[in-house]
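Scroll down for the structure; my scribbles are underneath it.
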Amino acid sequence: MTMPTPPVFGLAVLDPRRAWPLMLTRGILGVLFGVLALVWPGITVLALAILFGIYVLFDAVGAIMQAFRPGDGAHRFAYALLGMLGLVAGVMTLVWPGLTILVLATLVGAWAVVTGIMEIVAAVRLRKQITGEAFLIVAGALSVLAGVLVLFHPIAGAYGVALLIGIYAVIYGVTLVVLSFKLRKLSADPAAAPK
């Protein structure tokens, strides 16, 4: 006797063996997106900045709505201020996305430098308690080097992020395509049918 597939969030869960066309489509779209990100990293970075601007606007509207919610008078001013600052930041991001890219890349570069220095300091302080501290020092030095490069060339850092996203999307898409073919093979095999 077969058990019915339970609904999840109001939708029936698909039998994975019958979901291979959807998996294949997702994989192909992932590969296409990844290739586009690798071929045109500038467009990818610009699109991320625009998506960030849209997100900030939605978040700002939510904060302003929270400010006018009944019963939350103690935090009303903070939510209103947060919402107004978010609206300004969102509009500026959408009007000048290139500036957003530079600021975000600079923040990433500064974060990498600080993180790298902290890793080096930790390795030196813990050299008597741990073995292999040289790896932590090398990792810290690489982080500092990458951060300095991004700080001197923030656009190159932003392109690097776009390239990493592209590589991830291609690998993820290929994985989904391979999985879809395995699911298709399972669906064609009558011995794999549920009992």
Side-chain angles (χ1 to χ4, degrees), residues 1-62 86 89-90 93-94 97-109 111-112 115-116 119 132 135-136 138-139 142-143 145-147 149-150 153-195:
M1 179 174 168
T2 60
M3 298 290 290
T5 306
V8 174
F9 300 119
L11 301 171
V13 177
L14 285 175
D15 180 353
R17 291 167 298 188
R18 289 188 275 161
W20 73 265
L22 179 61
M23 191 80 59
L24 178 64
T25 303
R26 288 178 57 209
I28 291 170
L29 290 175
V31 170
L32 288 175
F33 170 76
V35 168
L36 289 175
L38 291 171
V39 173
W40 293 301
I43 293 173
T44 304
V45 170
L46 187 63
L48 288 173
I50 291 169
L51 286 175
F52 176 73
I54 292 169
Y55 161 75
V56 169
L57 285 177
F58 275 105
D59 187 60
V61 169
T93 298
L94 294 175
L99 180 63
T100 303
I101 293 166
L102 286 174
V103 169
L104 289 175
T106 303
L107 288 174
V108 167
W111 171 81
T115 302
E119 287 173 347
F135 291 111
L136 191 56
V138 170
L142 288 174
S143 182
L145 179 63
L149 289 174
V150 169
H153 301 289
I155 292 297
Y159 278 95
V161 170
L163 293 175
L164 286 175
I165 290 170
I167 291 167
Y168 163 77
V170 168
I171 292 171
Y172 184 70
V174 168
T175 304
L176 288 180
V177 168
V178 170
L179 180 59
S180 73
F181 285 121
K182 289 185 181 221
L183 291 175
R184 180 175 178 226
K185 185 177 178 183
L186 276 176
S187 68
D189 184 6
K195 305 290 185 224

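Interatomic distance, Thr100 OG1 to Leu48 CG, rounded to the nearest 0.5 Å: 11.5 Å. The CG atom of Leu57 lies 8.0 Å from the OG1 atom of Thr93; values are rounded to the nearest 0.5 Å. With rounding to the nearest 0.5 Å, the separation of CG in Leu107 from CG in Leu102 is 11.0 Å. Between atom CZ of residue Phe33 and atom CZ of residue Arg26 there is a gap of 14.0 Å, rounded to the nearest 0.5 Å. Rounding to the nearest 0.5 angstrom, the gap separating the CG atom in Leu179 from the CE atom in Met23 is 4.5 Å. The line from CD1 of Ile101 to OH of Tyr159 is 8.0 Å long, rounded to the nearest 0.5 Å.
Nearest heavy-atom pair across Ala162 and Val45 is CB-CG2, 3.5 Å. The minimum heavy-atom distance between Val177 and Ile28, with the atom names listed, is CG2-N, 3.8 Å. A pairwise comparison of heavy atoms in Gly27 and Leu176 identifies CA-CB, 3.6 Å as the closest pair. Looking at every heavy atom in both residues, Pro154 comes nearest to Thr106 through CB-OG1, 4.0 Å. The minimum heavy-atom distance linking Val56 with Gly86 is given by the pair CG1-O, 3.1 Å. Of all non-hydrogen atoms in Val31 and Gly173, the two that sit nearest each other are CG2-C, 3.6 Å.
In this structure, the side chain to side chain contact (heavy atoms under 4.5 Å, CB included) partners of Ile167, at least two apart in sequence or on a different chain, are Leu38, Ile171. Under the side chain to side chain contact (heavy atoms under 4.5 Å, CB included) criterion, Leu142 pairs with Val138, sequence neighbours left out.
With hydrogens and angles disregarded, a donor-acceptor distance shorter than 3.5 Å links the side chain of Ser143 to the backbone of Ala112.
Classified by interplanar angle (parallel below 30°, tilted 30° to 60°, perpendicular above 60°), the ring pair Tyr55/Phe52 is tilted.
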Check your understanding: Going through the distances and angles, do Thr44 and Leu36 end up as a side chain to side chain contact (heavy atoms under 4.5 Å, CB included)?
Key -> CA-CA 8 Å; Thr44 304; Leu36 289 175; 5.9 Å; no
